[in-house]
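See structure below.
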Amino acid sequence: DAGVTQTPRHEVAEKGQTIILKCEPVSGHNDLFWYRQTKIQGLELLSYFRSKSLMEDGGAFKDRFKAEMLNSSFSTLKIQPTEPKDSAVYLCASSQGGAETLYFGSGTRLTVL
Amino acid sequence: QQKVQQSPESLSVPEGGMASLNCTSSDRNFQYFWWYRQHSGEGPKALMSIFSDGDKKEGRFTAHLNKASLHVSLHIRDSQPSDSALYFCAAREGADRLTFGKGTQLIIQP
């Protein structure tokens, strides 16, 4: 079985640009998560979907970050407009739900100039 | 306040030695605990889970859970250079989402 696929692996954006990160979860998984990872803050939850319904939308990220689950096998994270402080690794993860293990993609490293 | 706290932030252990990582939760509703490991350039991967009090051993890795004190630990014996990674403790209540700690950076010195 394929794992979680994230594209692109690296993204460089100018301040003020709109960028879209993509994620394909493990087939059959019901839960999908977007995290931001930095050395200082660690893993910060951006969005959480269960069966395509938005369950949690990280409060501090609401204004410029928007995650969508277009179907059960594809999700996007849009950052608009980007700021230099958004430079981080963005991770997508999925699970079957309940107390099941979380599977992460390899992440997208975003650099905002 | 961080609901899942890990210590130390960084740990250096000689090859072949024992590495001990700690995790404490401030939420008594957390029932399920995981350890995740992240190598550089990759996403975190589940290492092992522990749901009951006591020890759980998988190869060189042993997790210990004490629900009364909300303390989880991970012990790695005979540490290898490939064990060098960022280790996350995570916890959840029921079917809720996982809450992660900030991680312990483990360095195995050859």
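In what follows, chains carry the letters A, B, and so on, assigned in the order in which the sequence lines appear, proteins first and then strands, with residues in each chain numbered from 1. This structure is a prediction, so every number in the text was calculated from the model and none was measured.
The environment of NZ in B:K102 is crowded: more than 12 heavy-atom neighbours from other residues, nucleotides or ligands sit within 6.0 Å. Within 6.0 Å of CZ on A:F49 lie more than 12 heavy atoms contributed by other residues, nucleotides or ligands.
Identified by a heavy-atom distance below 4.5 Å to chain B, the contributing residues of residues 105-113 of chain A are A:G105, A:S106, in residue-number order. Chain B is approached within less than 4.5 Å, heavy atom to heavy atom, by A:F33, A:Y35, A:Q37, A:I40 from residues 32-40 of chain A, ordered by number. Contacts with chain B (heavy atom to heavy atom, under 4.5 Å) involve no residue of residues 68-77 of chain A. Interface residues of residues 77-91 of chain B toward chain A, defined by a heavy-atom distance below 4.5 Å and sorted by number: B:L86, B:F88.
In this structure, the separation between NZ on B:K45 and OH on A:Y103 is 11.5 Å, given to the nearest 0.5 Å.
Looking at B:Q31, neither its backbone nor its side chain comes within 4.5 Å of chain A, counting heavy atoms on both sides. There is no contact between A:Q6 and chain B, counting heavy-atom distances below 4.5 Å.
Judged by distance alone, the side chain of B:R92 and the main-chain N or O of A:E100 form a donor-acceptor pair under 3.5 Å. Between the side chain of B:Y36 and the backbone N or O of A:L102, at least one donor-acceptor pair lies under 3.5 Å.
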Exercise. Hey, mind stepping through B:R97 and A:M55 against side-chain contact (heavy atoms from CB on, under 4.5 Å) and telling me if it holds?
Worked result: CA-CA 10 Å; B:R97 63 165 178 85; A:M55 303 297 289; over 6 Å; no

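Tracing side-chain contacts under 4.5 Å through hydrophobic residues (I, L, V, M, F, W, Y), one never reaches B:L65 starting from B:L70; they form parts of separate clusters.
Between A:L91 and B:G43, the closest heavy-atom pair is CD2-CA, 4.1 Å.
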